[in-house]
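All values reported here derive from a predicted model rather than from experimental measurement. Residue numbering restarts at 1 for every chain, and letters A, B, ... go by the order of the sequence lines.
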There are 2 protein chains.
Amino acid sequence: MEGRISADLLRGHTDTIVLGILMKNDAYGYQIYKSIMDRTDGLYQLKEATLYSSYKRLEKEACIVAYWGDESQGGRRKYYRITDKGRIQYKQNIADWEFTQRILNRLLKEEID
Amino acid sequence: MEGRISADLLRGHTDTIVLGILMKNDAYGYQIYKSIMDRTDGLYQLKEATLYSSYKRLEKEACIVAYWGDESQGGRRKYYRITDKGRIQYKQNIADWEFTQRILNRLLKEEID
DNA sequence: ATAAAATACTATGACAGACAAAGTAATTAT
DNA sequence: ATAATTACTTTGTCTGTCATAGTATTTTAT
């Protein structure tokens, strides 16, 4: 792995990552983006466009709601807040992820020994 | 997770699973399919068409080679054999997968506590 | 013996998530 | 004053998986 995680291995995790961040606090789009970059030391080079479509999807599914921040001082910031449905979805996604990991480890690792 | 792993969480793992099976022995297409179904108790409901495109891809990348089995008794069976390049690729994929797991756990799990 | 089911391979088109590339506009740093 | 960063958005492309379908042989059930 030369400094970059393949998109296919990440596919399907974006929404969960976003929900996870919003579980703590509301956040605006670019803040979420930066947060992911920082916390993975830039190894997870998720693109802004990818996050943007995630926000769209999550809003459509009523897992998050958006609102504009106070624009009186500084540039516009679109904040996102997780909903109750979003919290349930997040927990489900984590459970799915752990389950998938077990299955994949069964398939991928048993050949090594 | 109601009896089925989401396609998006599996994406990108198919080639590695196929290579892993071929690391042990040569195998034919349908055998690989059945093997995956059996070993995951049907939870990983990978489709034949998905495997078929994986074989195509792996052949094109010279990670596997195909040959027809002895058709004198019984129906036709197309066998696949892993190449040296395929073995290297397999190890690389496993390393990538483990690395990705670490990063994802960092992102997905730290919110739970 | 015949029908049904399983084995075994293949092809085509659609879908969806991620990406590349680009753009707009305000703010902050040099 | 200029460049860099912040911040949001759009459009089109790529690719792995799936849905669906088909062909042909072999095995199992009736």
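Per the geometry, CD1 belonging to Ile32(A) stands 12 Å off P belonging to dT9(D), to the nearest Å. Here dT15(D) presents its P atom at 11 Å from CD of Glu61(B), a figure rounded to the nearest Å. Rounded to an integer number of Å, the gap from Leu51(A) CG to dA20(C) C1' is 15 Å. In this structure, Leu9(B) atom CG and dT17(D) atom P are separated by 12 Å, rounded to whole Å. The CG atom of Leu104(B) sits 11 Å away from the P atom of dA18(C) (whole-angstrom rounding). Here dG16(D) presents its P atom at 16 Å from OH of Tyr55(B), a figure rounded to the nearest Å. If you measure from atom CD1 of Ile36(A) to atom C1' of dC19(C), you get 15 Å, rounded to the nearest angstrom. Between the OH atom of Tyr44(A) and the P atom of dC19(C) there is a distance of 7 Å, rounded to whole Å.
Under the salt bridge (charged side-chain N to carboxylate O under 4.0 Å, His left out) criterion, Arg87(B) pairs with no residue at all, not counting sequence neighbours. Applying the salt bridge (charged side-chain N to carboxylate O under 4.0 Å, His left out) test to Asp84(B) and every residue at least two apart in sequence or in another chain returns nothing. With sequence neighbours excluded, the residues satisfying salt bridge (charged side-chain N to carboxylate O under 4.0 Å, His left out) with Asp41(A) are Arg106(B). With sequence neighbours excluded, no residue forms a salt bridge (charged side-chain N to carboxylate O under 4.0 Å, His left out) with Arg102(B). Every side chain to side chain contact (heavy atoms under 4.5 Å, CB included) that Thr50(B) has, sequence neighbours left out, goes to Thr14(B), Leu46(B), Lys47(B). In this view, Ala7(A) satisfies the side chain to side chain contact (heavy atoms under 4.5 Å, CB included) rule with no residue, not counting sequence neighbours.
Note on Thr50(B): every side-chain N or O is 4.0 Å or more away from OP1 and OP2 of dG16(D). Taking side-chain N and O atoms only, Thr14(B) has a distance below 4.0 Å to OP1 or OP2 of dT17(D).
Within the structure, salt bridge (charged side-chain N to carboxylate O under 4.0 Å, His left out) pairs that include any residue of residues 48-63 of chain A comprise Asp15(A)-Arg57(A) (at least two apart or interchain).
Taking five base pairs at each end of the helix from dA1(C)-dT30(D) to dT30(C)-dA1(D), the local helix axes there meet at an angle of 30°, rounded to 10°.
Side chain to side chain, Gln89(A) and Asn93(A) meet the donor-acceptor criterion of an N or O pair below 3.5 Å.
Using modelled atom types, no side-chain atom of Glu98(A) and backbone atom of Ala95(A) make a donor-acceptor pair closer than 3.5 Å.
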With sugar-phosphate taken as primed atoms, P, OP1 and OP2 and all else as base, the protein-contact string of nucleotides 7-16 of chain C at under 4.0 Å (heavy atoms; B, S, -) is SSBSB----B
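At a threshold of 4.0 angstrom between heavy atoms, the contacts of Ser53(B) include nucleobase atoms, whether or not backbone atoms are also involved.
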